[in-house]
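Residue numbers start from 1 in every chain, and the chains themselves are labelled A, B, ... in the order their sequence lines are given, proteins ahead of strands. These numbers were taken from a predicted model, which means no experiment stands behind them.
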Amino acid sequence: MAKIQSVRGTHDIVGAAAAGHRNVVEVARNCAHRYAFGDIDTPIFEFTPVFARTMGEGSDVVRKEMYTFTDRGGEDITLRPEFTAGICRAFISGGMQQDLPLKFFAHGPAFRYERPQKGRLRQFHQIDAEILGVKEPGADIEIIALGAEILHDLGVLDRCVLDLNTLGDHDSRQAYREALVTYFSDHRDRLSEDSVDRLDRNPLRILDSKDEGDRAIINDAPLMADYLNPASQDFFATVCEGLNVLGIACNLNQRLVRGLDYYTHTAFEFVTDALGAQGAVIAGGRYDGLIEMLGGPATPGIGWAGGIERLAMLALHMPQPDRPIALVPLGITAEPMALRLCHALRRDGFMVDMGFRGDISRRLKRANKLNARAALILGDDEIAKGMITLRDLDDGSQQDVALDAVAAHLRKLVT
RNA sequence: GCGGGUGUAGCUCAGUCGGUUAGAGCGCUAGAUUGUGGAUCUAGAGGUCGGGGGUUCAAUUCCCCUCACUCGCCCCA
């Protein structure tokens, strides 16, 4: 370990990975803006209770999976493990109640102290969308539609399936939970060790157990649909109808659950089988109880988060990066002239790279490596003529161009 | 937190049933081409064989520990 290395579960995002990353963010943001979502950027750390209160102080997640530390002032701080809680805190502390409804788009890093595996890092990156203050199912429809549209724009929608479920309102959910506990308690002796554990801690999670033996028991478990009160049924029906109107295919998955009490009604995940065990690329749901739990005015909310790394892995095809122009000065007379021209072209909007050293051969090699569209060569010969050599690096043709006509010529090459 | 796999050049990987100077391809540098990139040819640089400890006359190779990556479980806000 003599060599210095990055912290476990962190990655440097460079080159093609950086381009893929940025592509996901830009596509998502463009899309969100078309849906009239505004940008929000909250701090990447918050007072620990912002996250801990909503999760339950004693939960595994809070105790073992957050980056929590005491800062120099003695404050209990946590790096954000997700976006929703911070955005809700911003909503509360910014006094935005009077601006409801609000639609937010955010992106950036998040942190979880977990064992890294494919599609799961300790510092990872998310895109995030939230709608606050809308109790109607229209918000559910819009937030899901936005997710689907982003996947479409990234060219990955056809490799994803939308899993959809409802947890019903608070009462429905409670009734179902009790029914599940009763049912699974009767089969306690046949459940896997993990699921026996879940029975006390988080019974809904038994439903997505991967254990073979559990599966058989789960097949005969009570279904959420049978415990929905009429209002919850209507709500969900409206959501499904809206998706149908928009032509968004979905798979009703009664095993799709959320563990925490503030979740109500719609839960959804866009999943893929192309990424191994971490298959959810965009996941979210309605959290009507969350803001109140954080000490704010009772305000409904719904949102989702999407993993940028996972989306970038899926979105293999990327828009071709812009190609630069290489400026090649030869000799000390040319240097200051080239410097001036370089500046002028850049101000004019061209992407220009001028090497810092080397002869013409070396500089053209670099131009080639940068995938430059053309090279501008300025040496004594050109200076004597009052021209500059414009070399097309795709076909190798060259022509002399007057200095004041360079921009016009380049514009034809770089569309 | 639990289990499997893997760590050898900048990258992708061979290899050593323990034995002098550890290999390839790609990449890099230089030259063929002193004002012309890509292709080709030639030469060169680049490795404490992830780190620490143990066994041994001798360890990159065997053993233990550790770190990291990777696949799955757990968890999933």
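Summarising the geometry, atom CD1 belonging to A:Ile44 is positioned 11.5 Å from atom CD1 belonging to A:Ile77; distances are rounded to the nearest 0.5 Å. Distance CD1/A:Ile143 to OG1/A:Thr266: 11.0 Å, rounded to 0.5 Å.
Using a 4.0 Å cut-off, no side-chain N or O of A:Arg112 falls inside it from OP1 or OP2 of B:rC76. A:Arg201 has a side-chain polar atom (N or O) that falls below the 4.0 Å cut-off from OP1 or OP2 of B:rC75. Contact annotation: A:Lys369 reaches the phosphate of B:rC28 (side-chain N/O to OP1 or OP2, under 4.0 Å). For B:rG72, the OP1/OP2 oxygens have no side-chain nitrogen or oxygen of A:Arg115 closer than 4.0 Å. Listed pair A:Ser361 / B:rG37 meets the phosphate criterion, a side-chain N or O lying under 4.0 Å from OP1 or OP2. For A:Asn202 and B:rC76, the shortest distance from a side-chain N or O to OP1 or OP2 is below 4.0 Å.
Evaluation of atom-type donor-acceptor distances gives no pair under 3.5 Å for the side chain of A:Glu65 against the base of B:rG1. At a cut-off of 3.5 angstrom, the base of B:rG37 holds no donor-acceptor pair with the side chain of A:Arg366. Remark: the A:Arg120 side chain and the B:rC75 base include a donor-acceptor N/O pair separated by less than 3.5 Å.
In this structure, A:Asp214 atom CG and B:rC73 atom P are separated by 14 Å, rounded to whole Å. In this structure, A:Asp197 places its CG atom 14 Å from C1' of B:rC73, rounding to the nearest Å. We find that CG of A:Asp211 is positioned 14 Å from C1' of B:rG72, with the value rounded to whole Å. B:rG35 atom P lies 21 Å from atom CE of A:Met387, rounded to whole Å. Rounded to whole Å, the distance from CD on A:Glu193 to C1' on B:rG1 is 13 Å. Rounded to an integer number of Å, the gap from CZ of A:Arg258 to C1' of B:rC75 is 14 Å. What separates CG of A:Asp400 from P of B:rU36 is a distance of 16 Å, to the nearest Å.
Within the 4.0 angstrom heavy-atom criterion, only backbone atoms of the sugar-phosphate kind lie near A:Arg198; the bases stay farther away. Across all strands, A:Lys210 comes closer than 4.0 Å only to sugar-phosphate atoms, never to a base (heavy-atom distances). Using a 4.0 Å heavy-atom distance criterion, A:Asp381 is classed as a base contact. Using a 4.0 Å heavy-atom cutoff across all strands shown, A:Gln126 reaches no nucleic acid atom at all. Contact annotation for A:Gly9: backbone-only contact, meaning every heavy-atom pair under 4.0 Å involves sugar-phosphate atoms and none involves a base. The residue A:Asp194 sits close only to the backbone: its heavy atoms come under 4.0 Å of sugar-phosphate atoms, none of a base.
For A:Ile360, whose side chain is taken as the heavy atoms from C-beta onward, the closest listed nucleotide among B:rC73, B:rU36, B:rC76 is B:rU36. In the set B:rA77, B:rG37, B:rU29, B:rG37 carries the atom at the smallest distance from any side-chain atom of A:Asn368. With B:rA77, B:rG37, B:rC75 as the choices, the nucleotide that has an atom nearest any side-chain atom of A:Leu393 turns out to be B:rG37.
Annotation: cation-pi geometry not satisfied between A:Arg120 and A:Phe124 (NZ/CZ under 6.0 angstrom from ring centroid, within 45° of ring axis).
Pair assignment for B:rG25: B:rC11, on the basis of Watson-Crick or G-U wobble contacts that are both within less than 3.5 Å. A 3.5 Å limit on both hydrogen-bonding distances identifies no Watson-Crick or G-U partner for B:rU33.
Contacts between residues 260-272 of chain A and RNA chain B, defined by a heavy-atom separation below 4.0 Å, involve A:Leu260, A:Tyr263, listed by number.
When only modelled atom types and interatomic distance are considered, A:Ser195 and A:Arg198 share a side-chain donor-acceptor pair under 3.5 Å.
A centroid separation of less than 6.0 Å is found between the aromatic rings of A:Tyr227 and A:Tyr176.
Heavy-atom nearest nucleotides on RNA chain B were determined for A:Val257 and for A:Asp380, and the one closer to the 5' end corresponds to A:Asp380.
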